[in-house]
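Structure first, then comments.
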Amino acid sequence: MADPDAQSNKNTCKTLLLKFGGTSVGSPEAMRQAAAIIQEERPKWERIIAVVSAMNGVTNTLIACAQAALDSKNAEYQEHIAQLRQRHFEAIHALVPQELQEGLCAVIDQQLGTLKAFCDSIQVMGEVTPRGMDTISSLGERMNAKIFSACLQQIGLRSQAVDAAGLIVTDDNFQNAHPLLEQTCRQVSAKLLPLLEQGVIPVVTGFIGATEDGITTTLGRGGSDYSASLLADCLDATEVWNCTDVDGVMTADPNIVPDARVIPELTYDEMSEMAYFGAKVLHPKTIQPIVTKNIPLRVMNTFNPSHPGTRISSQSSALRGKLTSVSGIKNLSIFTIEGRGMLGVPGVAARTFGAVAEVGASVLMISQSSSEQSICFVVPAEVEEKVQAALLRNLGGEIERGDINGIQIHSDVVIITVIGSGMRQTPGVSARVFNALGSRMINVIAIAQGSSEYSISLVVDSQDAKLAIQQLHQEVIINGNKPTQN
Ligand code: ADP
Ligand code: ASP
Ligand code: MG
């Protein structure tokens, strides 16, 4: 029988999981700020776990090394490796006690030695597998977890770097691996609980995992957020704090809308929708592991920790009845399949999406006219040609017979999504959206609304995207949420 005390102990321990993104651990000054947050919180929690990203820009540089090797640009990847070495060594010299410096620098050299060996072999072979890419792109987190853990030790905290390849068990879908929750939780209990019980703060590498055979995988770009919530789920964390470089989740991307505002509270559904539809602040899968156990997630600024940030939970009182945000996904193509002969013909939709699945493309949005005369769907631009070829193969018969008039493709489009649980059963939201765009003569190519009524998505040409986002933010989020005056 399970030990009831052990069980209750697991569930009631006040546990804080802190995730620090690339900018938050991207320089000695930033690491000191991040460490200060942990130091401040240490006495208030029984258990603290940190998850860290690579230093900002490092994952891109690692990928650039592989690309340079593919292009036989030996000097270029050597130069990148020298820069990575210098940046990590500088952080070590600035942050770590002298007696630990030599050992840590040796660890960095070992990791960069692996990188160089991989690049040399990519250059010789003229190819790189997704599996090889994951080993290369995991190195930034591996180097940084060691440095940040040493930085915590320097300020008197007990800490140990932990490689998530020994914790997060995934399938072998390299570069976008799917975690296996049961196995992962087993590893987490075996490897993290003993450290936590001794009062040690584990510093876990974000972004990475490994297959059951121990081959390194990654969870997709920006995946450290997802790593943190997976660990939070396994550990029954009390809260997750996602520490980043802005004050919280904002009403729009601040790079596009400079007067975007921090949203104090969001529901899990709203945040999932925002992240899915392009709000880069969180990885799209971040919310999924923390929903069942109702673990609240705070998005906050490492460089302004007294700001409360955004609280994401099952409830949001602050913005009830309001729309919360607008976001966008770029670099997409929209396909439209039209034809009077499609009316009532079974299986056209199945074959259309079968063709898309055949080439492994993911569909981001679908809309069908109610008269069944057209289906349109949006895919990433990079798969446009493959999808077109697969459709021609699968629907060739219908096209020849004239049941389908043809396949139209509009390249370089953007999906813009207006989000807010306040739109549920609230008439007039779509009208506000279309009025806002119509008044600036912005053409809408397609529309879809989630059946959960948390969002309305529209497709516009990329040339119109910036203006459309700014206009929707002003008219629908800011002006539309002002209290009505009677
Ligand atoms: P981290 O390295 O901490 O994971 P990211 O760069 O992945 O940080 O995400 C934070 C960035 O996301 C912000 O600096 C901001 O530019 C961008 N961003 C895009 N949309 C939003 C939004 N709606 N709210 C907040 N930040 C956003
Ligand atoms: N370092 C990884 C990336 O740049 C993961 C992350 O930052 O979350 O994609
Ligand atoms: Mg991120």
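Count residues from 1 along the sequence. Start at 1 and go down the list; that is how both ligands and their atoms are numbered. Quick caveat: nothing in here was measured; it's all calculated off a predicted structure.
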So which protein heavy atom does [atom] come closest to, and at what separation?
atom                    : result
atom 11 (C) of ligand 1 : D245 OD1, 4.0 Å
atom 19 (C) of ligand 1 : D253 CG, 3.4 Å
atom 24 (N) of ligand 1 : M250 N, 2.9 Å
atom 26 (N) of ligand 1 : V281 CB, 3.5 Å
atom 6 (O) of ligand 1  : K280 NZ, 2.8 Å
atom 2 (O) of ligand 1  : G22 N, 3.0 Å

*For the residue pair W45 and W241, categorise the inter-ring angle as parallel (less than 30°), tilted (30 to 60°) or perpendicular (more than 60°).*
perpendicular

Using a 4.0 Å cut-off to any heavy atom of [X], which atoms of ligand 1 qualify?
X    : value
A252 : 22 (C), 23 (N)
V249 : 24 (N)
M274 : 23 (N)
T244 : 1 (P), 3 (O), 8 (O), 10 (C)
N255 : 16 (O)

_Lys/Arg N to Asp/Glu carboxylate O, K44 vs E41, below 4.0 Å_ = yes

*Does D253 come within less than 4.0 Å of K280, counting only side-chain N to carboxylate O?*
no

*For atom NZ of K14, is the number of surrounding heavy atoms from other residues, nucleotides or ligands below 6.0 Å larger than 12?*
yes

*Determine whether more than 12 heavy atoms belonging to other residues, nucleotides or ligands lie under 6.0 Å from atom CD of Q39.*
yes

*Evaluate the side-chain contact (heavy atoms from CB on, under 4.5 Å) criterion for residues S53 and F20: first the C-alpha distance (whole Å), next the side-chain angles of each, then the deciding distance (0.1 Å), finally the verdict.*
CA-CA 6 Å; S53 296; F20 295 98; over 6 Å; no

_My understanding is that only residues two or more places apart in sequence, or in another chain, count here; which of them pass side chain to side chain donor-acceptor pair (under 3.5 Å) with E76?_
none

_Residues in side chain to side chain donor-acceptor pair (under 3.5 Å) contact with S439, at least two apart in sequence or another chain_ = Q471

*Does a side-chain heavy-atom distance below 4.5 Å link I208 with T217?*
no

*Do the side chains of I63 and I136 get nearer than 4.5 Å, heavy atoms only?*
no

*Give the intermediate values and the outcome of disulfide (SG to SG under 2.5 Å) for residues C119 and C65.*
CA-CA 7 Å; C119 288; C65 284; 5.0 Å; no

Hey, can you pull the donor-acceptor pairs under 3.5 Å for the side chains in residues 157-165, sequence neighbours left out?
residue	atom	partner	partner atom	Å
R158	NH1	Q198	O	2.5
S159	OG	S149	OG	2.8
S159	OG	I201	O	2.9
D163	OD1	A165	N	2.9
D163	OD2	R142	NE	2.8
D163	OD2	R142	NH2	3.4

With a cutoff of 4.0 Å, is [X] in contact with ligand 1, counting heavy atoms of the residue only?
X    : answer
P254 : yes
K19  : yes
G248 : yes

*asked:* Taking 4.0 Å as the limit for heavy-atom contacts, which would you say applies to V246 with ligand 1: side chain only, backbone only, both, or neither?
replied: side chain

*For ligand 2, what is the set of protein residues having any non-hydrogen atom at a distance below 4.0 Å?*
S53, T59, E141, F207, R221, G222, G223, S224

*Is there a donor-acceptor pair closer than 3.5 Å between any side-chain N or O of K293 and the backbone N or O of D233?*
yes

